[in-house]
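Sequence lines set the chain letters: A, B, ... in the order given, protein chains first and strands last, and positions in each chain run from 1. These numbers come from a predicted model, not from an experiment.
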Amino acid sequence: MSSWYKSWILLTGFILFYVAYLLFGAFVFSTIERPVEDKLKRDIQVLKEEFLNQSCVNATSLEHFLEGVLQANKYGISILPNSSASSNWDLASSLFFANTLVTTVGYGHTTPLSDTGKAFSIFYALLGVPFTMLVLTACVQRLMHLVTYGPISMCRQKIGLEPLAATAIHFAILLLVVVLGFFVVPAVVFSYIEDTWSFLDAIYFCFITLCTIGLGDYVPGEKPGQNFRSLYKISVMVYLFVGLMMMYLVLRAFHRMADLHGLTSFFQLPHCDEDIEEDKEPIIEAGHEDQHEAEDSAKPLDPASQTSYNTINR
Amino acid sequence: MAAPNLLDPKSATHNSKPCLSFSAKSITLSPREECQAIATVMKWKTVLAIFLLVVLYLVVGAAVFRALEQPHESAQRLAILNQKLEFLSTHTCVNHSHLEELVKQVVSAIRSGVNPAGTLTNHSSLWDLSSSFFFAGTVITTIGFGNISPHTEGGRIFCIIYALLGIPLFGFLLAGVGDQLGTIFGKATARVEKMFVQWDVSQTKIRVISTVLFILFGCLLFVALPAAIFKHIEGWSALESLYFVVITLTTIGFGDFVAGGSEIEYLDYYKPVVWFWILVGLAYFAAVLSMIGDWFRVISKKTKEEVGEIRAHAAEWTANVSAEFKETRRRLSVEVYDKFQRAASIKRKLSTDLGLNSTPELTPPKRILPVNFTDEREREPMFPYMTKNGSIFQNGLGGEPRRGDVAIIEYLK
């Protein structure tokens, strides 16, 4: 029973550490953001008063009006003149919305208004999320052989590096390529296309999107009068999907590398799970990877390890 | 000379047994290579098929969303425009541009999380400790509601670094919680199994029943109960509460509904309890979603098998059909040759009767070539010999007479 006991202790330790991490984050966010918020509050209050002073509007009717505006804004509808042209639910935007739904990014800049829409979203998400995970896993498995196992075995054979060193170097290179290709370059593109975004905003957007957090404060293609809006939205969708695949690939490579270096056995909780072949796939393949391929295709999701879902999310 | 029964069309069809020449031919590939070839072909196709299916799923979803939502959106838009016009008309001293400016500021304030409606004095901050804690939680679990989001540059940079470290950390935690849930579930299942074993129920039935029970119980505990609580405390409708629960626990997190996000007086322990519910609920949902994924996998495997079976059937059918076709062709050519021979002999008779020169304008031997007198099975090794023979025939030289060739030589004489 001692291993079970040990696992409970480890879990409690983890939870405590996690709570501490959250508290730390809360404290830092609070210190950074609160002054800005207070200033904004004061500014808007001043604005309201100014508006009330110079006009015949009384406070209650203004409140009423503002509430209506805010209600509409919650659903992405603005009464500002140049934003009335494009709908939030034309085909490209709906496609974009469906995509944010199934990849669990969930910006929230447009949300279903009707009750039927909400009910449909529930079912659509419950089916679509595992479906997307399945596709992502299947694609990533193929890519792993192409991107990870192949180069590493080549490295070993041609240069004759030690396996540990080879995996570490390969992972570093992979990480660099992914960061450059999926964060820096898209950020440059976004900051160019969207006038109000700075480079930092664009990188922040890329990161928040590719981690599927999807806060929704920055959403591309929402500028009124955007040229080629449908094409833009669809290309953002493609970027999202491919980026997610690459993130998952990097994560997988990291897991395999950590396995090799013995890190995961340090972190993993001791529990008896059915060891599935796929998890034991070493990052360095001696060449007969094809035998695993049949099993890989048969088991894109490993049900026993609970990390699969959350890791897939990234 | 009487034609051997090989030439008899009726018996010919009886003799030839169309077999799966594909399987016979493929012996040339070594079994492992063939397996490999088949495995890789199937897998690329599978991935492509699944990918196309996902794209189709997205397009269908987009169409449905559009059909459902666009009318509502237009209605809302009309309503707010009317309200604006009404406002402008009742308060004539307000000019258009001022109002637009105000609205723009209000909207951006809302985006920053500041609600300018009502007086601002008794509003709690969005960045007090408990709300920041909640925000940090939404970042790490990748839910990302978005009703609160950092607006300063420093806040954003910190958010990135924080998430980079926090998401894997949360992943481990989720794994741990999921494992504990799994062990609890396993123990409960074992106990239930012990109970059921007395009644002589089969193992698979127990498994299925326990899975269903797990889903139902989990739904009750992590979905229905919280939804009811949210409905009561937040004042949402039942559908909205359920919608919030599903959207949160799948980590989509739109943020249109957020527990603890409205202007109600909450109890002190409300938000931490919500966060704890999110943690355990996420583990439960991860289990459920991976189960759904397993079903997809099983279904796709079954479909693959069925597709494989259909393929095998199709191959067999094609082989049969082509064998029949060749058979018919052979029969036809034999018949044609038959008639041809008869015509030639009649002509010869006539010419000898009439004393005309017999000039063999027709060259029947050339026509014999495509005819096979042997079965499918013997066709392969026979064929090269046959063509050689045929060409020898063409030249008029005698070749080694095989079974079927006897008749031809006879007729030529």
Side-chain angles (χ1 to χ4, degrees), chain A residues 11 14 18 22 25-26 29-30 32-34 36 40-41 44 47 51 55-57 65-68 72-73 77 79 89 94-95 98 104 106 108 111 113-118 122 124-125 129-130 134-135 138 204 207 212-217 269 271 290 294 297 301 303 306-307 309-310 313, chain B residues 36 39 43 47 50 54 58 61-62 65-66 68-70 72-73 76-77 80 83-84 87 91 93-94 102 105 107 109 112 114 116-117 120 127 132-133 136 142 144 146 149 152 154-156 160 162 171 173-176 178-179 243 246 250-256 286 289-290 292-293 296:
Chain A
L11 182 69
F14 249 147
Y18 181 67
L22 282 181
F29 276 123
S30 182
I32 296 180
E33 294 289 322
R34 195 140 183 199
V36 176
L40 191 62
K41 268 192 196 169
I44 201 79
L47 187 73
F51 187 79
S55 63
C56 48
V57 182
F65 177 68
L66 283 181
E67 263 170 41
N73 187 63
I77 301 170
I79 60 168
W89 292 100
S94 303
L95 195 60
T104 77
T111 52
L113 304 169
S114 55
D115 275 350
T116 344
K118 293 193 174 96
I122 293 177
Y124 193 76
V129 170
L134 194 68
V135 178
Y204 170 74
F207 179 77
T212 77
I213 298 177
L215 287 171
D217 42 0
L269 302 173
H271 60 324
D290 299 313
S297 71
L301 290 173
Q306 296 289 339
T307 30
Y309 178 63
N310 203 49
N313 255 346
Chain B
Q36 200 179 51
K43 274 215 340 277
V47 174
I50 299 178
V54 167
L58 284 178
F65 276 123
R66 180 168 77 139
L68 289 175
E69 295 293 323
Q70 219 163 19
H72 267 249
E73 186 197 22
Q76 275 263 13
R77 186 165 274 151
I80 193 66
Q83 208 173 4
K84 173 175 162 186
F87 186 81
H91 305 97
C93 56
V94 179
L102 178 71
Q105 296 278 13
V107 165
S112 316
V114 175
L120 296 172
W127 291 103
S132 304
F133 185 86
T142 78
S149 57
T152 56
R156 287 193 185 127
I160 292 178
Y162 191 73
L173 179 66
L174 201 64
D179 282 340
Y243 169 76
V246 170
T250 49
T251 78
I252 296 176
F254 281 132
D256 47 354
L289 286 173
S290 66
I292 297 183
F296 275 137

B/F87 versus chain A, heavy atoms under 4.5 Å apart: side chain, backbone, both or neither? side chain
At their closest point, which heavy atom of B/I252 faces which heavy atom of A/V129, and how far apart are they?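 Shortest heavy-atom separation between B/I252 and A/V129 comes out as CD1-CG2, 4.5 Å.
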Closest approach of A/Y204 and B/R156, non-hydrogen atoms and distance?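 Between these two residues, the closest heavy atoms are CD2-CD, 3.5 Å.
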Qualifying residues under ring pair (Phe, Tyr, Trp, His ring centres under 6.0 Å), relative to A/F207, sequence neighbours excluded: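 Not a single residue meets the ring pair (Phe, Tyr, Trp, His ring centres under 6.0 Å) criterion with A/F207.
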Any residue meeting side-chain hydrogen bond (donor to acceptor under 3.5 Å, both in side chains) with B/Q105, in chain and number order, not counting sequence neighbours: B/E101
